[in-house]
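In what follows, a structure is listed as structure tokens, so that the remarks can point back to it.
Per chain, numbering begins at 1; letters A, B, ... match sequence-line order.
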Amino acid sequence: MEDGRPIFLQIAELIENSIIDGTLAEEAQVPSTNELAAFHRINPATAGKGVNQLVDEGTLYKKRGIGMFVATGARAKLRDRRREDFAQQFLHPLLAEANKLGIDADELKRMIDRWEQGR
Amino acid sequence: MNRVLTVTRVQLVGWQNTVGWPWLLLIMIFAVNYAVFLAIGDIEDNPTTGALISIYIVVFVTSINWITQLLPFSMALSVIRRTFYLATALFLVVQSVVFGILLFLCQLLEDATDGWGIRLRFFGLNFIDQQNPLLQIAIYTMPFILLGFLGIFVAVFYKRFGLTGMWLLSTGTLLVLAGLAVLITWLDLWDGIGRWLTDQPMAAWFVGWPVLLAALLAGAGYLTIRRVTP
Amino acid sequence: MSTVVSAQQVSKRFRDVTALDDVSFTLEENRIHGLLGRNGAGKTTLMQIMTGQLLASSGRLTIDGRSPYENETVMSRVCFIKESQTYPQYFKVRHALESARLLFPGWDEDFAQALLADFRLPLNRQVRKLSRGMHSMLGIIIGLASRAPLTLFDEPYLGLDAVARHLFYDHLLTDYAEHPRTVVLSTHLIDEVGELLEHVLLLDQGRVLLDTTAEDLRGQVVTVAGPGSAVDELAAEYEELHREILGRYARATLRGTFGTAERARAKALGLDLEAVSLQDIVVRLTTAHARSGDATTTGTRKKETLR
């Protein structure tokens, strides 16, 4: 675990990423808190906090005595949320940097088109 | 009480090095004695070799090691001082009785074989022939108990009060003894004490007084260990 | 959650040294607590008082509500592994393990055997002939297999290589997850154990400098870097622990609340936010404390237990 943000948030995000990219299908069982803790070498309570946040948000649900599962519809919901965050997280810094270098919006668009064609 | 018995079991861990070692040493010394006396040939007057004292010295050293080595280790495994002390005292008394009986049996064997075939007196003590067996066992046992509690007390005292404490204790003891001697001389009591001492029965000499002294040492050790740091 | 260890104004004075100075804290049940601090901060003394090996000079320390000193009931639930542990001269590795098996009610022999195999510790070697690292492994095996409800490790891995240390962390984590218990871990290697800890108690010169959850601490301390004037502006609102300057560029370690709004503000000022590792936090706090301590020795010494 790196990065300045609390570890439990990073754990939650890791699980979200797996759901978005399809590694964890809907209704699939999620690794247990202890497995997560052992894998990432973190305190089980911290891992539990990350998982619980996802439960509170409705991304995961608990089956008593069995474990934690991905809720139906979780993938679409997460994607919508990430799309909303996209502008803030990626466009904002992009535009700020472009502004610093004197690149205007039109030039930026052209750069993106060229990048797409070049691939 | 359960915990006390458990701790005595811990004292038996690696017993070859604690309980076994004195006997191994005694057997080796016996072998040397036997070889020497065999080489000398006929022995007159049935002298006691005196080498038996070695086992008492080894047990004395072992009792010091209980405090210097086994106590810190036991406390590291969450044994409290009181329990350790009771377990050690129990262990010492039982071991002393067992050793006493074993020495007594060796003496019987020595008598039966007429000194191992060469009239060697290794286990037998001249002054306790013709006594009842229980008293004989007690005479073998008591020095173990007395030396054991002395070793425990000295080691505990050292651990509690350090070198300075030891120095004060030994100097103090010497001063008190010297003072007593001066007092006795001054009051001209030596004859009376001498007579009183020779009048003491054998049982008092070898059992009664040692038991009293051992009990005093055991009590002092118990009080001192309560504030010992491992 | 209930309290296992409670210390109220505990002090310990040796002849001319004050090892612990008015220390108060509580340790909650079934958590992994980190006892951190520099050499001589008082960590070992505190653990010795917690395990009844020493008596406090003043104050009161309890385990499960009772003093641990000469208390069999309390002590039968405690295991204390210290780095400098001595064993009887004649002891072999198996003797040490046999003693531990007899004395710890929760001892798990299968687990001990598995650990022994993992650490490749020779059963029949004399303890005094073990290398430094192997000596540490023996302590670790006893500490883990004892499954004592309160297990304390004091610098448990001197001489252990990285492989063996990570074996220890892995076993500690998995076994703790399956058999929750209260663990107190005192260590220098803060970066390695930082993420294992749930609660941090930082001692400095016998005082509690920090008593908080590891998670809170992580969000509380941040390094900001950028133009000096911008750093100045932001730093004015926080407790500044440390600053480095390179020309007009500055980097400061700040303490306070850093939520989304505060982070956005720093970004708007053109500052970069960097994470601070637990190790760095501890270093910054203890050095900041030492500086302020020096400054106040002539005047009245201010009470500065940071919370």
Side-chain angles (χ1 to χ4, degrees), chain A residues 1-16 29-54 56-57 62 65-68 81-82 84-102, chain C residues 1 28-34 165-181 183 185 191-200 213-224 253-254 258-260 262-264 266-268 270 272-278 280-281:
Chain A
M1 303 272 106
E2 302 272 315
D3 181 331
R5 290 166 313 130
I7 299 169
F8 76 94
L9 284 181
Q10 298 180 51
I11 288 289
E13 202 172 285
L14 276 171
I15 299 172
E16 285 179 358
Q29 185 165 6
V30 179
S32 74
T33 302
N34 290 343
E35 286 166 344
L36 285 167
F39 185 81
H40 296 292
R41 284 215 181 95
I42 57 170
N43 191 292
T46 314
K49 205 169 159 188
V51 171
N52 281 337
Q53 174 166 311
L54 294 180
D56 291 343
E57 290 169 1
K62 276 183 194 171
I66 304 174
M68 220 72 73
R81 205 177 71 199
R82 286 286 177 93
E84 281 167 30
D85 290 347
F86 184 79
Q88 178 66 29
Q89 267 196 348
F90 297 95
L91 279 188
H92 197 264
L94 180 70
L95 289 170
E97 183 70 11
N99 195 32
K100 206 191 282 176
L101 300 176
Chain C
M1 282 289 169
E28 297 302 310
E29 191 181 24
N30 296 345
R31 291 191 185 178
I32 302 180
H33 305 272
R165 288 204 301 275
H166 283 100
L167 260 178
F168 169 56
Y169 303 143
D170 288 348
H171 279 297
L172 175 67
L173 262 186
T174 44
D175 199 59
Y176 164 79
E178 286 164 31
H179 304 270
R181 51 199 190 261
V183 176
L185 189 58
D191 267 348
E192 286 193 3
V193 300
E195 291 171 1
L196 306 184
L197 306 177
E198 193 174 348
H199 174 241
V200 171
T213 66
E215 197 71 58
D216 283 351
L217 190 58
R218 205 176 294 274
Q220 268 177 24
V221 181
V222 158
T223 297
V224 294
T253 308
L254 305 179
F258 286 93
T260 324
E262 287 88 352
R263 282 168 188 273
K267 285 229 170 91
D272 288 327
L273 262 79
E274 292 164 24
V276 183
S277 69
L278 192 57
D280 285 341
I281 295 176

Worksheet item: Quick one: of C/D170, C/T174, C/L172, who has the most non-hydrogen atom pairs under 4.5 Å with chain A?
Response: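 Looking at each option in turn, the highest pair count goes to C/D170.
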Discussion item. Once side-chain hydrogen bond (donor to acceptor under 3.5 Å, both in side chains) is applied, do any residues pair with A/N52, and if so which ones, sequence neighbours excluded?
Written reply: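 Result, side-chain hydrogen bond (donor to acceptor under 3.5 Å, both in side chains) vs A/N52: none returned.
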Discussion item. Could you work out, with side-chain hydrogen bond (donor to acceptor under 3.5 Å, both in side chains) as the rule, every residue matching C/D216, not counting sequence neighbours?
Written reply: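 Scan of C/D216 (side-chain hydrogen bond (donor to acceptor under 3.5 Å, both in side chains), adjacent residues dropped) gives C/T213.
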Fill in: Region of C/L196 that comes under 4.5 Å of a non-hydrogen atom in chain A
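For C/L196, the contact with chain A is made by backbone and side chain together.
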Discussion item. Need one label for C/F258: side chain, backbone, both or neither, based on atoms under 4.5 Å from any heavy atom in chain A.
Written reply: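 Interface part for C/F258: neither.
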Worksheet item: What do you reckon, is NE2 of A/H92 surrounded by more than 12 foreign heavy atoms closer than 6.0 Å?
Response: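 It does not: A/H92 NE2 has 12 such atoms or fewer within range.
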Worksheet item: Is the closest basic N to carboxylate O distance between C/R181 and C/E29 below 4.0 Å?
Response: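 No, C/R181 and C/E29 are not salt-bridged.
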